[in-house]
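The chains referred to below are lettered A, B, ... by the order of the sequence lines, with proteins before strands, and numbering in each begins at 1. Below, all heavy atoms of this structure are taken into account, side chains as well, without hydrogens, waters or symmetry copies.
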2 protein chains.
Amino acid sequence: MTRIVDLAKMLNVAPSTISKALNNKPGVNPELRKKIVEVAEKLGYRRNPMAIYLKTKKSKVIGLVIPNVSNYFFGKLVLSIEKCLYERGYQYILSNTDENEEKEMEYLQTYSTYDVGGIISVTALVTMKRKMVQAYNSFLISGKPVVFVDRIIKGLNASYVVLDNTGAAFEAVEYLVKNGHRRIGVIIGPKGVYTSEKRLEGFLKAVNTFGIDFREDWMVKGEFSLKTSYENVLNAFSNLKEIPTALVALNNMMAMGALEAFKELGIKVPEDVSILTFDDMPWHKFFDPPLTSISQPIEEMSILSASILLEEMRNPHKKKRAVVLKGKLVERGSVLNIK
Amino acid sequence: MTRIVDLAKMLNVAPSTISKALNNKPGVNPELRKKIVEVAEKLGYRRNPMAIYLKTKKSKVIGLVIPNVSNYFFGKLVLSIEKCLYERGYQYILSNTDENEEKEMEYLQTYSTYDVGGIISVTALVTMKRKMVQAYNSFLISGKPVVFVDRIIKGLNASYVVLDNTGAAFEAVEYLVKNGHRRIGVIIGPKGVYTSEKRLEGFLKAVNTFGIDFREDWMVKGEFSLKTSYENVLNAFSNLKEIPTALVALNNMMAMGALEAFKELGIKVPEDVSILTFDDMPWHKFFDPPLTSISQPIEEMSILSASILLEEMRNPHKKKRAVVLKGKLVERGSVLNIK
DNA sequence: TTGTACGCGTTATCAT
DNA sequence: ATGATAACGCGTACAA
């Protein structure tokens, strides 16, 4: 590895001059600077982030908290965020929390020892809210910005980038009503989870607005997982005297669970029940039937969150931003027009 | 952040004593050690990896080269590897190469400045092989182990963990033959890609062994991507006078591409053509028809590669290991028995 | 058991 | 405009 001192010796100048030249600081003869840059390039000099941090205390490493990279949505998020960061010379530490708050707390701890300069977080499903708030707050008060993506923790003065979950859920129901459905069920996620609650809020608002039937026993708890959703849908629909004509899944795992349960029960989709799910996936079009889904602007979310974070790292007293993006309903074959 | 000196002051002992106590080294009074561990715990002391590295030159950061985390297979791989590493106090730098060798080279460069202690690599599709070999070799000769997963670069003395691609492809064809198929096509990946070549090798071996028909124009180039596969299958099957009764896709993206092309051409799966694909995905069972797939032991691959790497980091002169794992054929509905 | 020098590459500061 | 050099940080090895 070529170092600044190596370049200095090579060119018979002082290390400080090399440093100034490479960092575009004033006080270097333009010709000399050009030569220095040239030689640095040729010898493949690369700045040493550790040493720079040692000296300047400005870390170019950011913490990236994600529930689970093997989920397509989060994988894409990581991918685009990495791209943004890499282009600007930042590194990141990826932390898979597995939706486990304790694990998330653990990871936040390690961030201190690695001196991350900021955090982008899709925070885990929260129950021990107080501790979590405290943990994130300790970063915020020490001037390290945090940007929340997809999910918010209330009571924290941090920027965030989320979907208009309420609006999207409203539109989902509206679409079903337009297709003649008046008996609509829903598979919900865990209590206290931001996305689930917001989506349910929009769902209920629409039910109210359009004055359609709604029953408590058409609301199935799915815990945002395939297995739970499968079990609870199986249970609910085998006991129901009157089943809804359509079902909204508040995430895609739960839609798969429902599909599996329906297959077992001999309930045909969409003939017997229509399905509409949150989170569009590239393979939904190959499903039987092709799944009508709500797609999220993942790329936009990633780019926004990364640039907001970087901006706040540069300028710690910047006003926090609250970004809410629109979803898009992708029509396919899992919703039947029963008008 | 509590530091060793803080603990030392607090307990009126020397920093070196604290260090020894916390690292289970001899030369500390058992009672004192107990007290030190206790106080360290209470004050939330966490060792500083940077400082340890500074002193010992032993980095606990490892480089993780992955084509694309948003691909389920690689996402799972990252997840399990992270788990292994985290448990033993290691951190990792994730690098998405996007199957781009130049990007991979770039990332390998940054590894030097972050002083990674070792590398786990699913290396990108290689054409500039020489440069790549050189890059990895420079790590190997400086005593930093590299473990290749899923794909191998020839001419490198490094451990690897891969699937028995040839065997799995052979079994795929064998299964089709058992179901009465004698005209079998294949969608292949890019030239020079380890997994594609090995799988094709097994395919051809089986064709030979079972003495079934094979034609050059039943071999479609899919480049391991949905789009290319779609285009080429569309093209090939609209010109073919006689189409095969079954098609093996050498990865799941290409299977989706074929599915899309068949839909457009009005070719029914599995009535007109059976499909069998590499890479089982959790959603394949919901496809129309449910996709018969070859599943890989992702978890096992991850755990093995992580432990081999860690072992070699501890013991640099350990003999390199070559691990080949078996795939498993998951029967579903996309292969028709035409006997 | 203690005290302390040392390791690293960069950069800020002050002198020339 | 350029040079010389002292930090910067924290854990550890080694001599006492």
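Residue-level contact check: A:D115 touches neither bases nor backbone, having no heavy atom under 4.0 Å from any strand. Residue contacts for B:I52: at a heavy-atom cut-off of 4.0 Å it reaches the sugar-phosphate backbone alone, with no base atom in range. As judged by a 4.0 angstrom heavy-atom cut-off over every strand, B:K25 is placed among residues touching the sugar-phosphate backbone only.
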**Asked** Is there a salt bridge (charged side-chain N to carboxylate O under 4.0 Å, His left out) between B:K9 and B:D6 once you walk through the steps?
**Response** CA-CA 5 Å; B:K9 263 186 209 142; B:D6 300 326; 5.2 Å; no

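Contact check, A:S19 against C:dT11: a side-chain N or O comes under 4.0 Å of OP1 or OP2. Between A:Y45 and C:dT10, a side-chain N or O to OP1/OP2 separation shorter than 4.0 Å is present. Between B:T17 and the phosphate of C:dT1, there is no side-chain N or O to OP1/OP2 separation shorter than 4.0 Å.
Regarding A:R33, its CZ atom lies at a distance of 13 Å from the C1' atom of D:dT2, rounded to whole Å. If you measure from atom CG of A:L54 to atom P of D:dC8, you get 10 Å, rounded to the nearest angstrom. In this entry the distance linking CD1 of B:I18 with P of D:dC10 reads 15 Å, nearest Å. Between B:M50 atom CE and D:dC10 atom C1' there is a gap of 11 Å when expressed in whole angstrom units. Taking atom NZ of residue A:K58 and atom P of nucleotide C:dG9, one finds them 23 Å apart after rounding to whole Å. A straight line from CG of B:N48 to P of D:dT12 spans 10 Å, rounded to a whole angstrom. A straight line from CZ of A:R3 to C1' of C:dT11 spans 15 Å, rounded to a whole angstrom. Rounded to a whole Å, the NZ atom of B:K20 is 9 Å from the C1' atom of D:dA13.
Among the nucleotides C:dT1, C:dT10, D:dT12, the one closest to any side-chain atom of B:P15 is D:dT12. The side chain of B:A14 lies closest to C:dT2, out of D:dT12, C:dT1, C:dT2. Checked against C:dT11, D:dT12, D:dT2, the side chain of A:I4 finds its nearest nucleotide in C:dT11. The side chain of A:N29 lies closest to D:dA1 when the candidates are D:dA1, C:dG9, C:dT1.
Side-chain atoms of A:K55 and base atoms of D:dA7 include a donor and an acceptor less than 3.5 Å apart. Side-chain N/O atoms of B:S16 and base N/O atoms of D:dG11 include no donor-acceptor pair closer than 3.5 Å.
Ring orientation note: the planes of A:Y136 and A:F148 are nearly perpendicular, at an angle over 60° on the 30°/60° scale.
For the pair A:I62/A:I119, no side-chain contact is recorded, criterion being any heavy-atom separation below 4.5 Å from C-beta on.
More than 12 heavy-atom neighbours from other residues, nucleotides or ligands sit within 6.0 angstrom of CD on B:E311. Around NZ of A:K83, the count of heavy atoms belonging to other residues, nucleotides or ligands within 6.0 Å does not exceed 12.
Between A:G27 and A:A51, the one whose closest nucleotide on DNA chain D sits nearer the 5' end is A:G27. Residues A:T56 and B:L32 both approach DNA chain C. Their nearest nucleotides, taken by heavy-atom distance, put B:L32 toward the 5′ side.
Tested against B:F139, the residues B:S112, B:S121, B:P145 include a single side-chain contact (heavy atoms from CB on, under 4.5 Å) partner, B:S112.
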